[in-house]
There are 2 protein chains.
Amino acid sequence: MVERAADPLSLVFRALGDPTRREMVRRLSAGERSVGELAEPFRMSLAAASKHVQVLERAGLVRRRVEGRVHRCRLDAERLAEAQRWLAHYERFWGERLDALASLLAEDAPDPADAPPTDPRP
Amino acid sequence: MVERAADPLSLVFRALGDPTRREMVRRLSAGERSVGELAEPFRMSLAAASKHVQVLERAGLVRRRVEGRVHRCRLDAERLAEAQRWLAHYERFWGERLDALASLLAEDAPDPADAPPTDPRP
DNA sequence: TGTATCATCAACCACATGGTTGAACGAGCC
DNA sequence: GGCTCGTTCAACCATGTGGTTGATGATACA
């Protein structure tokens with residue numbers, strides 16, 4: 001096994017595949033948090049929480065600003081948006097309502113082929 | 001380490017965190033496919049592809065109908081929609097345009113608190 | 001009946017992941 | 001200087017993941 005390229009979209013989806021990290025994202029959506037603040041609600045060591053933050057950071061979901069000895073994290077929603085755009089291609093399968101939304105989106109992000117995103121094959 | 005509850009949303013995001021499986025989802029969006037057909041584009045054994053299909057199935061993204069000796073798979077988009085709804089709570093972070101879409105959605109799925117989804121804490 | 005076909009299962013391998021503890025590092029503060 | 005605080009690092013452990021090969025089980029077909 002080799003070739004573990006880890007494309008950005010996979011990193012994002014995998015990062016969101018853990019409830020601890022989703023909760024961190026949720027709390028970051030209310031504003032900046034230090035690593036310690038992010039760790040606080042969880043019954044786990046600070047080191048473990050720190051690793052979760054690193055996963056979010058490597059996925060591009062979180063940016064960090066070191067300020068003295070505290071690391072302040074904030075949400076970077078661009079990757080979240082990419083994940084949502086990937087999912088948006090399948091909206092037509094769960095209702096017309098969302099479909100309308102998709103075409104709204106298509107206006108400012110004109111999608112050449114209206115086909116689902118062709119994720120580069122491995 | 002125990003307690004690996006594997007909540008549905010985590011299963012969905014983790015299932016989507018692999019390009020092979022995303023490509024399978026993309027191909028399923030064009031219609032039903034047998035496991036063999038799903039495996040065909042990939043340079044991997046049928047057994048490996050079959051495991052990918054099982055991951056999608058356990059995540060609730062795929063449903064399977066056994067018909068003689070072939071297993072016909074089709075996309076079940078409901079879980080995709082759940083993932084998209086989770087992401088939709090963060091739309092306001094990447095632009096007003098999508099925000100409008102979110103409020104459209106809010107009409108038929110009135111969100112009691114307009115706060116981000118509070119994923120049950122571990 | 002035999003034989004090919006579609007798919008899974010079982011065992012295995014290498015590496016990733018989520019957690020721990022203890023040590024280390026860098027900043028602030030007395 | 002020396003202490004504390006916020007955070008990471010390193011080593012370790014158990015389990016999950018993505019792949020392989022070979023055997024097995026049904027089903028279709030000659």
Side-chain angles (χ1 to χ4, degrees), chain A residues 1-7 9-25 28 32-59 61-74 119 121-122, chain B residues 1-7 9-25 28 32-59 61-74 119 121-122:
Chain A
M1 215 180 7
V2 65
E3 250 342 315
R4 313 197 58 64
D7 60 295
L9 202 46
S10 294
L11 288 179
V12 170
F13 280 127
R14 286 207 299 255
L16 295 178
D18 182 288
T20 299
R21 290 191 292 260
R22 284 199 303 280
E23 174 66 10
M24 286 178 167
V25 166
L28 282 169
E32 274 192 357
R33 294 281 185 278
S34 72
V35 172
E37 286 166 348
L38 284 174
E40 180 268 328
F42 304 105
R43 297 196 320 284
M44 71 176 62
S45 67
L46 188 59
S50 167
K51 286 209 248 177
H52 279 299
V53 173
Q54 287 173 56
V55 170
L56 290 169
E57 200 179 13
R58 278 194 288 269
L61 291 170
V62 156
R63 287 174 56 179
R64 145 180 355 214
R65 189 177 80 244
V66 179
E67 209 166 71
R69 57 187 170 180
V70 336
H71 295 210
R72 305 215 171 275
C73 302
R74 64 178 190 71
D119 219 313
R121 297 190 185 171
Chain B
M1 211 177 14
V2 66
E3 240 359 301
R4 312 200 56 66
D7 60 294
L9 203 46
S10 294
L11 288 179
V12 170
F13 280 127
R14 286 207 297 255
L16 295 179
D18 182 288
T20 299
R21 288 191 293 261
R22 284 200 303 280
E23 173 65 10
M24 286 179 167
V25 166
L28 282 169
E32 273 194 358
R33 294 281 185 278
S34 71
V35 172
E37 286 167 348
L38 284 174
E40 180 268 327
F42 304 105
R43 297 196 319 285
M44 71 175 64
S45 67
L46 185 58
S50 167
K51 287 210 250 177
H52 280 298
V53 173
Q54 287 173 54
V55 170
L56 290 169
E57 201 178 12
R58 278 194 289 268
L61 291 170
V62 156
R63 287 173 56 177
R64 148 184 346 220
R65 189 177 81 243
V66 178
E67 208 167 72
R69 58 186 171 179
V70 336
H71 295 210
R72 304 215 171 275
C73 303
R74 65 178 188 71
D119 219 314
R121 298 190 185 170

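Order of the sequence lines sets the chain letters (A, B, ...), proteins ahead of strands, with each chain counted from 1. Atoms considered below: every heavy atom in the structure, side chains included; atoms not considered: hydrogens, waters and symmetry mates.
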Nucleotide-resolved protein contact map, nucleotides 2-7 of chain C, B/S/- at heavy-atom distance under 4.0 Å: --BBSB
Between atom [atom1] in [X] and atom [atom2] in [N], what is the gap in whole Å?
X: R22(B); N: dG18(D); atom1: CZ; atom2: C1'; value: 15 Å
X: R65(A); N: dG6(D); atom1: CZ; atom2: C1'; value: 15 Å
X: D18(A); N: dG16(D); atom1: CG; atom2: P; value: 14 Å
X: R43(A); N: dG18(C); atom1: CZ; atom2: P; value: 17 Å
X: L38(A); N: dT7(D); atom1: CG; atom2: P; value: 9 Å
X: M44(A); N: dT20(C); atom1: CE; atom2: P; value: 7 Å

Validation row: P19(B), E23(B) side chains within 4.5 angstrom (heavy atoms): no
Contact check, side chains of M24(A) and V55(A), non-hydrogen atoms, under 4.5 Å: no
Sequence neighbours excluded, every pair satisfying salt bridge (Lys or Arg N to Asp or Glu O under 4.0 Å) that has a member inside residues 46-57 of chain B: E57(B)-R64(B)
R33(B) side chain to L38(B) backbone, donor-acceptor under 3.5 Å: no
OP1 or OP2 of dT20(C) under 4.0 Å from side-chain N/O of S45(A): yes
Nucleotide of dT17(D), dG18(D), dC9(C) approaching K51(B) most closely (side-chain heavy atoms): dG18(D)
Candidates dG19(D), dT21(C), dC9(C) - which lies nearest the side chain of Q54(B): dC9(C)
Residue met sooner reading DNA chain C from 5', once E67(A) and A47(A) are mapped to nucleotides: A47(A)
Reported CG-to-CG distance for the pair L61(B) and L28(B), which is rounded to 0.5 angstrom: 10.0 Å
Approximate separation, where rounding is to 0.5 Å, of D18(B) CG and L9(A) CG: 11.0 Å
